[in-house]
Number of protein chains: 2
Amino acid sequence: MEDFYLRQAEWLKALAHPVRLCIIQGLMDKGSCNVTDMQECLKLQQSTLSMHLQKLRAAGVITGTRVGLEVNYRLKDPQAARLLELLQQEHKAQEVIE
Amino acid sequence: MEDFYLRQAEWLKALAHPVRLCIIQGLMDKGSCNVTDMQECLKLQQSTLSMHLQKLRAAGVITGTRVGLEVNYRLKDPQAARLLELLQQEHKAQEVIE
DNA sequence: TCACTATATCATGATACAATGATACATAAT
DNA sequence: ATTATGTATCATTGTATCATGATATAGTGA
């Protein structure tokens, strides 16, 4: 019970970064993506992006499969997609209010 | 668009702590609660708990109303409740798998 | 083998977050 | 006014997270 909150908090922390949210949304939209494409899209330094990917991998949110030189990432954890949908709902609600 | 991920990440960070998840779930279950009761329930030092409450208040997740000496907190952001439900789903799914 | 490309990891400094004890503030009772 | 109770804030210290540049690894082609 106590352990539950600990694990879920860890999971949330793995997602609680603007770049990582953007990566997840991108994978939801595109299905899969390699690192170079993400890099151009997000305009991030290679090592910075790689660190964020590593964090998402460690949390079990995404998986990467190597294809030649490139590594293609895709969403692994369906719960992450549901969270992003939840966040989008909030966004829409706020737009209506404004 | 970029700003969206930034705001949502801030919101997630405010929730991404085991104690704060526990507080939210507690408020969902009990409706409202004062600080002393939470303190006993969670076995936290007063200042530590107060800091977590402050963080949730700042993020707009909860509100407190003073009643005499006590302050009663309750959930303000319905999105937070939805997030907790999402997390509980994950939990059940994992239990079934095991 | 060598050079090249794509990605990962490491070490570091900067910044943010967490827990704690001390102190302050607000309210109530005497 | 004083004292007691409930809650909030502050200062400090330890720990975690972030971005970065440098270096390492994996795969490809000459």
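The figures that follow rest on heavy atoms only: side chains count, while hydrogens, waters and symmetry mates do not.
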Keeping the roles fixed (side chain from Arg57(A), backbone from Ala59(A)), state whether a donor-acceptor pair exists under 3.5 Å.
-> no
Can you tell me the distance, in whole Å, between the CG atom of Asn72(B) and the C1' atom of dG6(D)?
-> 12 Å
Do side-chain atoms of Arg20(A) reach the backbone of Leu56(A) as a donor and acceptor pair under 3.5 angstrom?
-> no
Could you state the atom-to-atom distance from CD1 of Ile62(A) to P of dT7(C) in whole Å?
-> 13 Å
What string of B, S and - do you get for nucleotides 17-30 of chain D, 5' to 3', if B is base contact, S is sugar-phosphate-only contact and - is no contact with any protein heavy atom under 4.0 Å?
-> SSBBBB---BBS--
May I ask you to decide if Leu86(B)'s main-chain N or O and Gln79(A)'s side chain share a donor-acceptor pair within less than 3.5 Å?
-> yes
Would Arg82(A) and Glu85(A) pass as an ion pair if we require N to O under 4.0 Å?
-> no
Whole-Å distance, Leu56(B) CG to dC17(C) P, equals 14 Å
With distance as the sole criterion, is a donor-acceptor pair present between the side chains of Gln88(B) and Gln25(B) under 3.5 Å?
-> yes
Inter-residue atom distance Leu75(A).CG - Cys33(A).SG, 0.5 Å rounding | 12.5 Å
Atom CD of Glu70(B) and atom P of dA29(C): how far apart are they, to the nearest Å?
-> 12 Å
Compare side-chain N and O positions of Tyr73(A) against OP1 and OP2 of dA6(C) and report whether any pair is under 4.0 Å apart.
-> no
What integer distance in Å separates Leu53(B):CG from dA8(D):P?
-> 6 Å
